[in-house]
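Presented below is the structure to which this report refers.
In each ligand, atom 1 is the first atom listed, and ligand 1 is the first ligand listed.
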Amino acid sequence: MSALVETANLLADRINALEESATLGMSKKSRELAAQGHKVINLSVGEPDFKTPKHICDAAKAAIDNGFHHYTPVAGIPELRKAIADKLKRENNLDWKPENIVVSTGAKHSLANVIQCLVNPGDEVVILAPYWVSYSEMVKLADGKSVIVEGSFENDFKVTSQQLEAAITDRTKVVMYASPNNPTGSVYSEAELRALAEVIKYHENVFVLADEIYEYINFTQEGHFSIGSIPEIKDRVITVNGFAKGFAMTGWRLGFIAAAKWIAEGVEKLQGQVTSGTSSISQRGAVVAWEDMSAPEMMKLAYLRRRDLVINLLRDIPGVKVNVPDGAFYAFPDISYYFGKSDGKVTIQDADQLCMWLLETAHVAMVGGGSFGAPNCLRISTAASDEALTEAMGRVKTALATLK
Ligand SMILES: Cc1ncc(COP(=O)(O)O)c(C=O)c1O
C-alpha cells in the first residue's frame with residue numbers, strides 16, 4: 001500500500017471530524033504502566049463487574065443447542081418485542097405494542113439509529129449536560145448541531161425547565177438526556193421531568209430521546225420515572241433502554257427503542273440496510289431476563305454500598321466537592337481546587353490533565369470531565385471491589401496532597 005493511501009486524510013470528512021474516545025489515551029497509558037510492573041487500579045470503565053444472571057445464560061445456551069442460529073427479523077424476534085412491550089407497560093407505564101419496539105445491537109446503536117432517523121443537516125439537538133460522550137458525536141455524524149445545556153453542580157448537575165426553554169429554537173429537533181446519568185449518577189425526579197415535559201409540550205416539532213439504560217441502578221425512594229408516560233408528549237418521546245447495565249450484559253449487545261410507529265419503522269428501515277437484526281442467541285437470552293429480577297436488585301445494592309464508600313472517602317480529601325449520586329455507578333467530584341497547583345514539575349490546568357497526572361503518579365485510571373462537558377470534574381466508576389475502591393481513593397488522596 002502506498003504511503004498516500006495510508007494517510008488518515010483519505011478518510012471521509014465525517015470520520016475525520018469524529019472525536020476519539022476519551023478513554024483511549026488513558027487506556028494506552030494504563031497498559032504501559034502495567035507492562036512496567038505497576039499495579040494500576042482501573043476505575044475508568046463504564047461496565048458492571050458482575051456476571052450475567054444464570055437464567056439468561058441458560059436460555060442463550062439452549063438457543064445455541066437448539067439450532068437457533070439464523071438471521072432474525074430486523075426489528076427483533078416477536079417474543080422479545082412482546083416481552084419488552086410487557087415490561088414497559090408493567091414497570092414504566094408506557095403503553096406500546098410490539099410493533100412500536102425495535103431491538104438493536106446495544107442502546108448505543110438504538111440512540112444512533114434514532115438520531116440518523118430524525119436529524120437533518122443543520123437541525124439542533126439539545127443535549128442535557130453533563131452527558132455521555134457519544135451523544136454529540138452521533139449528532140455530528142448526522143450533520144446536526146449539538147446545543148449543550150449544562151446542569152449546575154448546585155442543582156445536582158440537572159437542567160431546569162427555564163434552561164431548557166431558553167435553549168429551544170426554531171431549529172430544535174430533539175432533546176436528549178440520560179437518567180440515571182452517565183457521568184454524574186444524577187437522577188431526574190418525576191417532578192423535574194414533568195417540568196421539562198411542560199416545556200416540550202408547547203414545542204410541537206421537538207422530540208425527546210430518553211436514555212434509560214441505567215434504570216435499574218436507581219437508589220431513590222421514588223424510583224425510575226419514564227418521561228414517555230406523560231400522555232401529552234408520549235408520541236414525541238423515544239424511550240431507549242437495554243440490558244447492558246441492569247443485567248450486566250454489556251457484551252451481549254442488546255438495546256431497544258419504544259416509539260411512535262413511524263419512528264420505529266424508520267429505525268427498522270435504517271437497520272435493515274446497515275446491520276440487520278442483532279444476535280439471535282442474545283435475543284433468546286433477553287426474552288427471559290425479566291423472569292427473575294433478583295440479580296439486578298443484588299447489583300443495585302452493591303453499587304449503593306460502593307457509592308457510599310467512595311463518597312465518604314472523597315469527602316475526606318481536602319478541596320474535593322462531591323454530590324451524592326442517586327443512581328448509576330459513577331461518582332463525579334469537582335476537583336477544580338487543584339487547578340493551578342503544581343508538584344514542582346507539572347502545573348495542573350484542568351480535569352483531563354489531572355486525570356492523566358493521577359494515573360502516572362497514583363496509578364489510578366479515571367476519566368476527566370472535559371469530554372462529558374464538565375471540565376471541573378472527574379468520573380470515577382464504582383463498578384469495582386470495595387478493596388480496589390478503598391485502595392484507589394487512598395492513593396488519590398496521597399497524590400493530591402503533594403500538589404502545592
Ligand atoms: C448513558 C449511556 N447510554 C447508552 C450506553 C450504551 O449502552 P449499550 O452497551 O447497550 O450500547 C451507555 C454505555 O456506557 C451509557 O453510559
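- Using modelled atom types, one finds no donor on one side chain facing an acceptor on the other under 3.5 Å when comparing Ser179 with Glu212.
- A tilted orientation is assigned to the rings of His38 and His363, their planes being inclined by 30° to 60°.
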Which donor-acceptor pairs under 3.5 Å do the side chains of residues 316-327 make with protein atoms, sequence neighbours left out?
residue, atom, partner, partner atom, Å
Asp316, OD2, Lys397, NZ, 3.2
Asn323, ND2, Phe153, O, 3.1
Asn323, ND2, Asp156, OD1, 3.4

N or O contacts of ligand 1 with protein under 3.5 Å, please list pair by pair.
residue, atom, partner, partner atom, Å
ligand 1, 3 (N), Asp211, OD2, 2.6
ligand 1, 9 (O), Arg253, NH1, 2.8
ligand 1, 10 (O), Ala107, N, 2.8
ligand 1, 11 (O), Ala107, N, 3.1
ligand 1, 11 (O), Lys108, N, 2.9
ligand 1, 11 (O), Arg253, NH2, 2.9
ligand 1, 14 (O), Lys245, NZ, 2.7
ligand 1, 16 (O), Asn182, ND2, 2.7
ligand 1, 16 (O), Tyr214, OH, 2.9

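- His224 contributes atom NE2, which lies 4.5 Å from atom CD of Glu215 (distance to the nearest 0.5 angstrom).
- For the side-chain hydrogen bond (donor to acceptor under 3.5 Å, both in side chains) test, residues two or more places apart in sequence or in another chain that qualify with Trp252 are Thr52.
- For Arg14, there are no side-chain hydrogen bond (donor to acceptor under 3.5 Å, both in side chains) partners at least two apart in sequence or on another chain.
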